[in-house]
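From a predicted model like this one, the values you see are computed outputs, not experimental measurements.
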Amino acid sequence: MLRRFAAASRSSAKLVAPLGCLVSRQKHTLPDLPYDYGALEPHINAEIMQLHHSKHHATYVNNLNVAEEKYKEALAKGDVTTQVSLQPALKFNGGGHINHTIFWTNLSPNGGGEPKGELMEAIKRDFGSFANFKEKLTAVSVGVQGSGWGWLGYNKEQGRLQIAACANQDPLQGTTGLIPLLGIDVWEHAYYLQYKNVRPDYLKAIWNVINWENVSSRYATCKK
């Protein structure tokens with residue numbers, strides 16, 4: 001299962017390649033979760049996880065494949081107008097696939113607590129303390145208007161961590177240049193069935209299932 005998930009992650013990374021590569025691509029697939037739908041309860045219930053993964057993420061994958069196929073046809077015909085018109089669909093569905101592929105690995109039934117090692121030191125350096133970091137990322141995520149994501153990213157040029165918000169399914173790296181480490185989905189489909197319209201309660205709960213080993217691994221990789 002995890003091998004398939006890793007393969008899907010590599011597949012999603014190819015989204016940042018030149019679109020001319022679409023002529024020889026393989027279709028994107030929905031990655032398996034590395035845990036059961038009910039594994040994150042009571043913090044995120046099984047019904048939310050099942051709908052979020054098998055319906056919402058699956059829709060982004062399917063629509064991305066459709067958009068890429070249309071783009072490939074337009075590219076072959078030299079139809080620039082159609083190529084341009086497909087950009088919003090590629091960004092939205094491609095971003096949805098990238099973001100969720102990261103999100104599932106950022107969560108774990110064995111998560112919560114605080115990070116350790118280099119990541120914790122970087123958080124203290126760039127935010128003063130873990131408590132300050134947690135408060136700032138929560139505030140940014142609560143403040144997203146409508147739908148979007150709160151992110152912890154790495155600024156490779158400056159060598160430091162940054163917090164950012166992205167609207168809709170805009171991918172962090174593709175729109176800000178920051179390398180994504182931790183993403184918090186604040187679309188209502190991520191929490192409404194359990195937390196209704198009280199986004200702060202969902203954000204308070206999600207810290208109990210953050211997979212700091214995964215976030216730390218991403219941090220170590222992007223520093224190389």
- Should the pair F133 and F130 be assigned to parallel (<30°), tilted (30 to 60°) or perpendicular (>60°) ring geometry?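 F133 vs F130 ring planes: tilted.
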Less than 4.5 Å apart, any side-chain heavy atom of [X] and any of [Y]?
X: I206; Y: Y202; value: yes
X: I123; Y: P115; value: yes
X: S54; Y: Y37; value: yes
X: L75; Y: Q83; value: yes
X: F127; Y: I163; value: yes
X: R125; Y: R160; value: yes

- Message: Walk me through whether W187 and H56 qualify under side-chain hydrogen bond (donor to acceptor under 3.5 Å, both in side chains).
- Response: CA-CA 11 Å; W187 280 66; H56 292 281; over 6 Å; no
If you look at every heavy atom in [X] and [Y], which pair is closest and at what distance?
X: A164; Y: L178; answer: CB-CD1, 4.0 Å
X: L182; Y: L137; answer: CD2-CD2, 4.0 Å
X: P109; Y: A39; answer: CB-O, 3.3 Å
X: Y195; Y: H43; answer: OH-O, 2.6 Å

- Query: What pairs with D126 under salt bridge (charged side-chain N to carboxylate O under 4.0 Å, His left out), at least two apart in sequence or on another chain?
  - Reply: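 Result, salt bridge (charged side-chain N to carboxylate O under 4.0 Å, His left out) vs D126: none returned.
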- Message: Please identify which of these residues, R218, Q173, K223, meets the side-chain contact (heavy atoms from CB on, under 4.5 Å) condition with Y154.
- Response: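 It is K223; the other options fail the test.
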- Message: Apply salt bridge (Lys or Arg N to Asp or Glu O under 4.0 Å) to residues E69 and K72 and explain how you reach the verdict.
- Response: CA-CA 5 Å; E69 189 63 33; K72 183 176 72 172; 3.4 Å; yes
When you measure from the side chain of [X] to the backbone N and O of [Y], does any donor-acceptor pair fall under 3.5 Å?
X: N106; Y: L181; result: yes
X: Y60; Y: I98; result: no
X: W212; Y: G113; result: yes
X: N65; Y: H28; result: yes

Nearest 0.5 Å please: distance from the [atom1] atom of [X] over to the [atom2] atom of [Y].
X: I44; Y: D185; atom1: CD1; atom2: CG; result: 9.5 Å
X: L64; Y: Q169; atom1: CG; atom2: CD; result: 12.0 Å
X: I179; Y: K156; atom1: CD1; atom2: NZ; result: 5.0 Å
X: F92; Y: N168; atom1: CZ; atom2: CG; result: 6.5 Å

- Got more than 12 heavy atoms from elsewhere within 6.0 Å of CD, E114?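 More than 12 within 6.0 Å, yes.
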- Message: What verdict does the side-chain hydrogen bond (donor to acceptor under 3.5 Å, both in side chains) test give for W151 and Q162, after you've listed the backbone C-alpha separation in whole Å, the side-chain angles of each residue and the deciding distance to 0.1 Å?
- Response: CA-CA 8 Å; W151 288 98; Q162 286 184 223; over 6 Å; no
- Message: Is there a continuous path of hydrophobic side-chain contacts, each under 4.5 Å between heavy atoms, that joins L193 to V186?
- Response: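 L193 and V186: one cluster.
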- Task: Any chance you could pull the hydrophobic cluster mates of V84, using side-chain heavy atoms under 4.5 angstrom and chaining through other members?
- Result: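 Members alongside V84: V80.
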